[in-house]
Amino acid sequence: VKEITTAKDLRETVSVTVFEGSSIVRISRIVEEAGFCTAQEFIDVVENTDWSQFKFFQYVEDDVNKPFKMEGFLYPETYEFFPEATAYEIAEKMLGHFDELITDDMYAQMEQQGFTLQDVVTLASYVEEEAGDPINQPDVAAVFLNRLKPDSPYPKLESDVSYYYMREQVEPYLGVGRDQSPVAMQEAVNTYLCVGIPVTPVSSPSISAIKAVLNPTPDSPYYFFLTDLTGKYYYAETWQGHVNN
C-alpha cells in the first residue's frame, strides 16, 4: 500500500559535476554544456539575484574591484537536475548547499579568529588551488595564515594562482588582453601586489579547505612551500630556504 500510494517523480535527470577549485566562469560553462542555459545567463542570475534566503549571503562583500561578487560560494559537488531546470534553480541548489555546510559553530569560530566569511572562503580558495589533497591543506593554510600575522616578514600571500585567475578566467570574460583588466582590480586581486587577504576568492573551495583555514596546523613556522613532480610538499621558514628547496 505504501509503495502504490507514494508519489514518485520518475523523470530522467541530468548530472552536473562541479569540481573543487572551479571558478564561476568555469561553472557557468559546465551548466551551458549540460544544455540548461547560456553561460552568461547563469552568471547574470548568480550575480544579480537577491539570495537573502540564505544566511551566508549577508556576509558576502560587494566591492567594485571584485570581478564577481559571488565567486567562491557555488559549492563544488555532483548535482542532479531535471532537464527543464532554470538557471535560478541550478544556482539556488549550489548556493543552498554551501549555506547548509557552514554551521553556526563555524561562524562563531570565524568571529573568534577575527575573520569574516569572505576572508575564510577567499583563503580556502587558495588552499584548494595549492593543495587539492585534504591531507596537505592544514599545512598550506598555516603558511598563508603565518603571512597574515602582524609581525610577518612576508605580508603578501604571493600565490601564482591569483595571476592565473586574472589571466585565464577574468580577463577573457571581460574581453580584454593579458594584464589589460583595470589596474585597481589587478592590485586588489593579485597576491603579489596586495598586502593581506585579496578582495575575492579565485574559485569554489571544498569544505575540507574551509575547515583547514579554520583549523590550520598549529605552531607552523613556515612561510613558503612548493611541490615536486610527485606531489610531495617542501616547506621553508625563509626565502633562502625556499630557494634551496
Side-chain angles (χ1 to χ4, degrees), residues 18-34 36-49 51 57 59-76 87 90-91 94-95 98 116-132 140 143-144 147-148 152 154-205 209 213 224-227 239 242:
V18 176
F19 292 101
E20 294 86 347
S22 296
S23 69
I24 191 171
V25 170
R26 177 58 187 142
I27 296 170
S28 72
R29 292 172 183 162
I30 292 171
V31 172
E32 181 178 76
E33 290 164 4
F36 292 106
C37 60
T38 68
Q40 187 58 57
E41 287 170 343
F42 182 75
I43 289 176
D44 288 343
V45 167
V46 173
E47 291 288 287
N48 300 320
T49 300
W51 298 108
F57 187 67
Y59 303 108
V60 176
E61 298 171 13
D62 199 1
D63 190 297
V64 67
N65 292 317
K66 289 179 70 174
F68 303 99
K69 176 181 177 180
M70 299 297 290
E71 186 75 86
F73 300 102
L74 294 162
Y75 192 75
I90 295 169
M94 293 180 181
L95 296 171
F98 174 88
T116 65
L117 176 65
Q118 182 83 47
D119 292 336
V120 170
V121 174
T122 298
L123 289 170
S125 72
Y126 280 90
V127 172
E128 187 69 58
E129 295 293 309
E130 298 280 13
V140 170
V143 169
F144 286 136
R147 284 175 169 253
L148 295 175
S152 169
Y154 308 102
K156 298 177 182 178
L157 297 188
E158 296 186 336
S159 169
D160 293 347
V161 170
S162 60
Y163 174 72
Y164 288 111
Y165 172 67
M166 293 297 295
R167 175 179 170 183
E168 298 175 359
Q169 304 293 321
V170 175
E171 289 172 344
Y173 176 80
L174 295 177
V176 299
R178 182 183 301 181
D179 301 329
Q180 297 303 305
S181 51
V183 173
M185 181 180 291
Q186 294 184 46
E187 292 176 343
V189 175
N190 190 325
T191 54
Y192 286 91
L193 300 176
C194 66
V195 173
I197 303 174
V199 74
T200 181
V202 292
S203 64
S204 291
V213 172
F224 299 90
F225 66 88
L226 54 78
T227 62
W239 169 249
H242 184 58

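Numbers here simply count residues along the sequence, with the first being 1. Atom set for the values below is all heavy atoms of this structure, side chains included, hydrogens, waters and symmetry mates excluded. Worth saying up front: this structure is predicted, and the values here are computed from it rather than measured.
With Cys37 as the partner, the side chain to side chain contact (heavy atoms under 4.5 Å, CB included) test is satisfied by one option alone out of Val45, Val31, Asp44: Val31.
The nearest pair of heavy atoms linking Pro172 to Arg167 is CD-O, 3.2 Å. Looking at every heavy atom in both residues, Pro182 comes nearest to Leu174 through CD-CD1, 4.4 Å. Contact detail for Lys156 and Cys194: the closest heavy-atom pair is CG-O, 3.4 Å.
Taking the six-membered ring for Trp and thresholds of 30 and 60 degrees, Tyr75 and Phe98 have ring planes inclined between 30 and 60 degrees apart.
A salt bridge links Arg26 with Glu33: the closest approach of a Lys/Arg side-chain nitrogen to an acidic carboxylate oxygen falls below 4.0 angstrom.
With sequence neighbours excluded, the residues forming a ring-ring contact (aromatic ring centres under 6.0 Å, His included) with Phe144 are Phe225, listed by chain and number. Lys69 meets the side chain to side chain contact (heavy atoms under 4.5 Å, CB included) test with Glu47, Phe57, Val60, Asp62; sequence neighbours excluded.
Sparse packing is recorded around CZ of Phe19, with 12 or fewer heavy atoms of other residues, nucleotides or ligands lying under 6.0 Å away.
With contacts defined as side-chain heavy-atom distances shorter than 4.5 Å, the pair Met70/Leu95 qualifies. Counting only heavy atoms from C-beta outward, the side chains of Phe68 and Val25 approach each other to under 4.5 Å. Leu157 has its side chain within reach of Leu148: a pair of non-hydrogen atoms, C-beta onward, lies under 4.5 Å apart. Considering only heavy atoms from C-beta on, Lys66 comes within 4.5 Å of Gln118 through its side chain. Residues Trp239 and Tyr154 have side chains in contact (heavy-atom distance under 4.5 Å, counting atoms from C-beta outward).
Of the possible polar contacts, none joining the Glu128 side chain to the Ala209 backbone as a donor-acceptor pair under 3.5 Å is found. Side-chain atoms of Trp51 come within 3.5 Å of backbone atoms of Val46 as a donor-acceptor pair (strictly under, hydrogens ignored). In this structure, Gln180 contributes its side chain and Glu171 its backbone to no donor-acceptor pair below 3.5 Å. Checking side-chain atoms of Thr191 against main-chain N and O of Ser159 turns up a donor-acceptor pair under 3.5 Å.
Note that the CG atom of Asn190 and the CG atom of Asp179 stand 8.5 Å from one another [nearest 0.5 Å]. How far OH of Tyr126 is from OH of Tyr165: 8.5 Å, rounded to the nearest 0.5 Å. Considering CD of Glu130 and OG1 of Thr227, their distance stands at 8.5 Å, rounded to 0.5 Å. Note that CD of Glu158 is 10.0 Å distant from CG of Leu193, once rounded to the nearest 0.5 Å. Summarising the geometry, atom OG belonging to Ser22 is positioned 5.5 Å from atom CD1 belonging to Ile27; distances are rounded to the nearest 0.5 Å. Here Ile24 contributes atom CD1 and Met94 contributes atom CE; the two are 10.5 Å apart, rounded to the nearest 0.5 Å.
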Query - Steps toward side-chain contact (heavy atoms from CB on, under 4.5 Å) verdict (Glu168, Tyr163) - result: CA-CA 9 Å; Glu168 298 175 359; Tyr163 174 72; over 6 Å; no
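At a cut-off of 3.5 Å, with distance as the only test, a side-chain donor of Thr116 or Asp119 sits close to an acceptor on the other residue. Residues Gln186 and Tyr192 have side chains that never bring a donor and an acceptor to within less than 3.5 angstrom of each other.
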Would you list the atom pairs, donor with acceptor, under 3.5 Å between side chains in residues 197-205 and any protein atom, with sequence neighbours excluded?
{"residue": "Ser203", "atom": "OG", "partner": "Glu129", "partner atom": "OE2", "Å": "3.0"}
{"residue": "Ser204", "atom": "OG", "partner": "Leu74", "partner atom": "O", "Å": "2.7"}

